[in-house]
2 protein chains.
Amino acid sequence: MAETKSCLVEKLSRYAPLSERDLERLATLEEEERPCPRGSDVHRAGDRNGDLFVLKAGWAFSFTNMPDGRRQIVTVHHPGDVIGFPDIAFRNATTTLRCVDDVTLCPFPKSALSVILRESPRLSALMLSIALRDQVVFIDLLRAMGRMSARERIAHMLLDFRARLRMTDPAVTDRFRLPLTQQQIADYLGITNVYVSRTMIQMEDEGEIVRSEGHITLRDASKLERLTDFCDRYADMDTSWFPDT
Amino acid sequence: MAETKSCLVEKLSRYAPLSERDLERLATLEEEERPCPRGSDVHRAGDRNGDLFVLKAGWAFSFTNMPDGRRQIVTVHHPGDVIGFPDIAFRNATTTLRCVDDVTLCPFPKSALSVILRESPRLSALMLSIALRDQVVFIDLLRAMGRMSARERIAHMLLDFRARLRMTDPAVTDRFRLPLTQQQIADYLGITNVYVSRTMIQMEDEGEIVRSEGHITLRDASKLERLTDFCDRYADMDTSWFPDT
DNA sequence: CGGATGCTTGATCCCCTTCAAATAACGTGG
DNA sequence: CCACGTTATTTGAAGGGGATCAAGCATCCG
């Protein structure tokens with residue numbers, strides 16, 4: 001029985017059935033979990049690449065800066081997310097990882113990937129699939145940034161957050177905590193904090209959302225889904241082609 | 001000796017040294033190459049997922065539409081590129097693949113991935129790395145879309161194209177063929193064709209670029225690199241952690 | 001309770017869009 | 001190789017979405 005409460009096991013076994021051996025293998029790869037206070041940086045862009053993480057609790061985000069100070073938040077990480085995948089193709093981190101909340105991280109070393117690739121084709125397929133799923137999520141975000149208005153972008157972001165939160169907690173409803181500042185939302189969506197404020201007020205005035213106590217409520221999620229042509233990439237991965245072992 | 005001129009072998013062996021066995025394995029996975037006329041669609045968004053491709057010759061691009069007709073080109077594919085990676089995590093294609101030129105494709109089936117994962121950890125690592133490298137390229141593009149002006153986006157695109165073309169042909173200089181229409185560039189960068197025209201004229205007036213005979217010349221690439229804080233993601237992948245076999 | 005941080009609001013500006021039309025380049029058939 | 005329709009590029013004028021700057025409020029936290 002998998003009595004071990006490994007983050008990685010917890011996370012990956014959600015996607016596809018894994019053998020006992022694979023589960024054990026995963027559990028041994030993990031290092032001791034590690035807390036990080038809100039506002040702190042786990043690593044900075046340019047740092048030598050170290051570990052990958054599973055985000056056990058709290059929100060975080062990855063971002064890059066331009067020389068003149070413009071900032072782009074690239075990913076908002078939710079509990080259960082694997083963090084650091086894109087960087088492993090390179091020697092140095094391409095983004096800075098900052099904690100939104102007090103956060104708990106479960107690190108596992110980059111070299112663990114090598115072990116997985118050598119020993120478990122099925123786990124390898126899973127890692128690859130997650131990476132490729134994330135790529136499609138980026139593509140969806142790219143479409144939002146390229147062709148959507150500020151209002152649509154915010155709607156898209158909210159739907160995306162809901163879908164992601166629902167992955168680790170199926171009980172998530174149309175009301176959930178949103179700990180990001182408007183400046184952070186702005187840096188994520190490529191607009192300004194001022195316009196985030198204006199747009200969210202407008203969305204609230206028109207009954208699309210409600211804000212209170214750091215939480216947000218989607219009043220009519222399916223309307224927002226139509227508005228943004230939203231597609232939940234977390235719900236329907238294809239695992240049928242995976243090797244059996 | 002690898003006498004077979006397999007596209008896949010050609011492509012992948014560029015990144016990291018591979019064993020004879022791996023090279024042979026790759027060669028057998030490939031199906032017969034296939035031509036596609038310019039302007040035609042290889043597959044459409046929503047189609048059941050079939051093959052992956054190596055683009056042997058010509059340019060192509062992948063795009064999505066919004067219900068109201070807005071279009072976002074997501075990737076511009078150059079000779080040597082592997083096409084279709086993001087889709088394999090799903091049952092259906094998420095984008096439409098359209099040919100810019102008369103194109104030659106080397107298809108290999110999705111099931112080939114399963115074979116690779118089972119038989120060659122080293123090739124698996126390579127596939128994963130390419131997927132993750134592409135993810136970083138998307139992140140760079142995202143940053144451009146979120147925080148850069150039209151002019152900076154165009155500069156970024158040109159630098160990216162040059163870097164990619166140089167991967168398969170190191171002889172590529174600051175002058176190269178640019179077969180995209182301004183409408184396509186616009187749909188790629190999230191601006192309008194009209195503004196692409198205006199901006200490129202301005203860039204030409206100010207001596208940053210030259211256009212002639214369907215080609216473009218970068219007059220001072222390093223200046224453009226500073227302007228956009230450009231980073232060549234194709235030049236420096238980290239393969240040091242790969243399994244040996 | 002006081003400072004800092006985050007949110008809202010107003011006035012003004014500009015990058016880019018939209019619409020429309022003219023010009024140029026291209027592809028095809030004769 | 002030219003003629004002609006088609007598609008791509010350029011140009012102009014006008015308008016809007018969102019940026020910028022600056023100030024006033026609300027909230028959080030020690």
Side-chain angles (χ1 to χ4, degrees), chain A residues 37-40 59 61 66 68-73 98-102 144-157 177-206 209-216 227, chain B residues 37-40 59 61 66 68-73 98-102 144-155 177-206 209-216 227:
Chain A
R38 56 179 281 190
S40 68
W59 288 37
F61 61 86
M66 299 199 51
D68 64 359
R70 284 176 283 183
R71 184 170 76 160
Q72 178 67 44
I73 293 180
R98 180 164 295 172
C99 303
V100 174
D101 300 311
D102 286 334
M145 305 281 284
R147 289 302 181 204
M148 289 186 192
S149 67
R151 185 168 185 158
E152 291 165 327
R153 289 185 211 187
I154 290 174
H156 176 87
M157 177 193 73
R177 192 172 75 99
L178 182 62
L180 299 180
T181 68
Q182 291 183 351
Q183 181 61 61
Q184 287 162 351
I185 293 173
D187 286 338
Y188 181 49
L189 298 179
I191 48 187
T192 58
N193 58 342
V194 175
Y195 208 67
V196 169
S197 173
R198 287 194 225 278
T199 307
M200 292 190 85
I201 288 170
Q202 194 190 351
M203 291 174 80
E204 193 157 25
D205 285 348
E206 297 179 15
I209 59 173
V210 178
R211 293 175 295 169
S212 68
E213 305 152 27
H215 284 61
I216 196 143
L227 176 70
Chain B
R38 55 179 284 192
S40 68
W59 288 36
F61 61 86
M66 299 200 50
D68 65 0
R70 284 176 285 184
R71 183 169 77 162
Q72 178 67 45
I73 293 180
R98 182 164 295 170
C99 303
V100 173
D101 301 311
D102 287 333
M145 304 282 282
R147 290 299 180 207
M148 287 185 192
S149 68
R151 184 165 183 163
E152 290 165 327
R153 290 185 210 186
I154 291 174
R177 193 174 73 100
L178 181 62
L180 300 180
T181 68
Q182 292 184 352
Q183 181 62 57
Q184 288 162 351
I185 294 173
D187 286 338
Y188 181 50
L189 299 179
I191 49 186
T192 57
N193 59 340
V194 175
Y195 208 67
V196 169
S197 173
R198 287 194 224 278
T199 307
M200 292 190 85
I201 288 169
Q202 193 188 350
M203 290 175 79
E204 193 156 26
D205 284 348
E206 297 179 17
I209 59 173
V210 177
R211 294 175 293 169
S212 68
E213 303 152 29
H215 284 60
I216 195 142
L227 176 71

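Between the R153(A) side chain and the M145(A) main chain, a donor and an acceptor come within less than 3.5 Å of each other. Formation of a donor-acceptor pair under 3.5 Å by the D187(A) side chain with backbone atoms of I73(A) is not found in this model. Under a 3.5 Å cut-off, the side chain of R147(B) and the backbone N or O of Q72(A) do not form any donor-acceptor pair.
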List, one per line, each side-chain donor-acceptor pair under 3.5 Å for residues 190-199 of chain B, sequence neighbours excluded.
| from | atom 1 | to | atom 2 | distance (Å) |
| --- | --- | --- | --- | --- |
| T192(B) | OG1 | Y195(B) | N | 3.3 |
| N193(B) | ND2 | Q183(B) | OE1 | 3.3 |
| T199(B) | OG1 | Y195(B) | O | 2.6 |

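Listed by chain and number, the residues in a side-chain hydrogen bond (donor to acceptor under 3.5 Å, both in side chains) with R70(A) are D68(A), E152(B) (sequence neighbours excluded). Judged as a side-chain hydrogen bond (donor to acceptor under 3.5 Å, both in side chains), and not counting sequence neighbours, D102(A) has no contacts.
Between the CG atom of D102(B) and the P atom of dG27(C) there is a distance of 11 Å, rounded to whole Å. Rounded to whole angstrom, the span from the CD1 atom of I201(A) across to the P atom of dC7(C) amounts to 11 Å. When rounded to the nearest whole Å, the span between CG of L180(B) and P of dC26(C) equals 15 Å. Taking atom CG of D205(A) as the reference point, atom P of dT9(C) lies 9 Å away to the nearest angstrom.
Taking 4.5 Å as the limit, some side-chain heavy atom of L178(B) sits within range of a side-chain heavy atom of I185(B).
OP1 or OP2 of dA25(C) has not a single side-chain nitrogen or oxygen of R211(B) nearer than 4.0 Å.
No more than 12 heavy atoms of other residues, nucleotides or ligands lie within 6.0 Å of CZ in R38(A), so this atom counts as exposed by the packing criterion.
The outermost nucleotides of DNA chain D lying under 4.0 Å from heavy atoms of chain A, listed 5' to 3', are dG17(D) to dC29(D).
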Letter per nucleotide, 5' to 3', of nucleotides 15-21 of chain C [B base touched, S only sugar-phosphate touched, - untouched; heavy atoms, 4.0 Å]: SBBBB--

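The C1' atoms of five pairs define one axis at each end of the helix from dT8(C)-dA23(D) to dG30(C)-dC1(D), and these two axes lie 50° apart (to 10°).
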